[in-house]
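Every chain is numbered from 1, with letters handed out A, B, ... down the list of sequences.
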Amino acid sequence: MAAVTEEQVEAVRALVSSIPAGRVATYGDIADAAGLSSPRIVGWIMRTDSSDLPWHRVITAAGRPAAHLATRQLARLRAEGVLAADGRVPLRGENSVRHAF
DNA sequence: GGGATGACGACCT
DNA sequence: GAGGTCGCCATCC
């Protein structure tokens, strides 16, 4: 009786996989776009089923990835063209898919 | 079966 | 403007 159906998980995976390089998305946006009730579900999916998804393109609403992965995330994002200022990804402008959603 | 934890967000103080 | 608290759903112990 999973409140979150496989379809929801698939939607999240599709959205994350649909994030273009040089752009980042927030957990809240993905959760909302996938129709999830809680952004935590997105994090749960990433942790449980990270598969081949560009999880490094998913950051928190604070514009900063998880503490343990922050270094890894920033390094990858920087390689994709996302310049993080002081370990923070500028969610403002075209850097975030928020506008695309 | 129950409690604590976790890739988070939003609201309140 | 910054920090702390509560709520959210699922998993792990």
Side-chain angles (χ1 to χ4, degrees):
Chain A
M1 317 109 45
V4 181
T5 62
E6 190 175 332
E7 187 175 303
Q8 300 293 85
V9 179
E10 189 178 346
V12 174
R13 290 172 59 185
L15 287 164
V16 176
S17 183
S18 184
I19 301 172
R23 224 168 274 189
V24 291
T26 65
Y27 287 92
D29 283 344
I30 295 172
D32 183 62
L36 293 173
S37 316
S38 166
R40 256 195 151 87
I41 306 298
V42 179
W44 155 65
I45 295 170
M46 302 293 239
R47 185 178 80 161
T48 309
D49 182 38
S50 52
S51 299
D52 301 304
L53 301 175
W55 53 271
H56 55 268
R57 288 183 192 156
V58 184
I59 58 179
T60 72
R64 194 193 138 142
H68 18 256
L69 304 171
T71 308
R72 186 78 82 131
Q73 300 268 73
L74 266 359
R76 282 192 183 207
L77 290 172
R78 189 176 73 167
E80 293 191 344
V82 180
L83 300 179
D86 189 48
R88 241 177 308 200
V89 180
L91 280 164
R92 62 192 335 200
E94 309 281 312
N95 262 10
S96 69
V97 285
R98 242 174 171 198
H99 199 66
F101 289 156

Distance check, rounded to the nearest 0.5 Å: Asp29(A) atom CG versus Leu15(A) atom CG?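 Between atom CG of Asp29(A) and atom CG of Leu15(A) there are 10.0 Å.
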Reported CD-to-CZ distance for the pair Glu80(A) and Arg23(A), which is rounded to 0.5 angstrom: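 Between atom CD of Glu80(A) and atom CZ of Arg23(A) there are 12.0 Å.
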Which nucleotide in the set [options] lies at the smallest distance from any side-chain heavy atom of [X]?
| X | options | value |
| --- | --- | --- |
| Ile41(A) | dA10(C), dG6(B), dG9(B) | dA10(C) |
| Ala61(A) | dG9(B), dC8(B), dG6(B) | dG9(B) |
| Ser38(A) | dC8(C), dG6(B), dC8(B) | dC8(C) |

For [X] and [N], give me the distance from atom [atom1] to atom [atom2], rounded to whole Å.
| X | N | atom1 | atom2 | value |
| --- | --- | --- | --- | --- |
| Trp44(A) | dT11(C) | CH2 | P | 5 Å |
| Glu6(A) | dA10(C) | CD | P | 14 Å |
| Leu69(A) | dC8(B) | CG | C1' | 14 Å |
| Ile45(A) | dC8(C) | CD1 | P | 18 Å |
| Tyr27(A) | dA10(C) | OH | P | 18 Å |
| Ile30(A) | dC8(C) | CD1 | P | 21 Å |
| Arg98(A) | dG9(B) | CZ | C1' | 11 Å |
| Arg40(A) | dA4(B) | CZ | P | 15 Å |

With side chain to side chain contact (heavy atoms under 4.5 Å, CB included) as the criterion, how do Val4(A) and Leu36(A) come out once you've worked through the C-alpha distance, each side chain's angles and the decisive distance to 0.1 Å? CA-CA 7 Å; Val4(A) 181; Leu36(A) 293 173; 3.6 Å; yes
Would Arg64(A) and Val89(A) count as a side chain to side chain contact (heavy atoms under 4.5 Å, CB included) here? Give the steps. CA-CA 6 Å; Arg64(A) 194 193 138 142; Val89(A) 180; over 6 Å; no
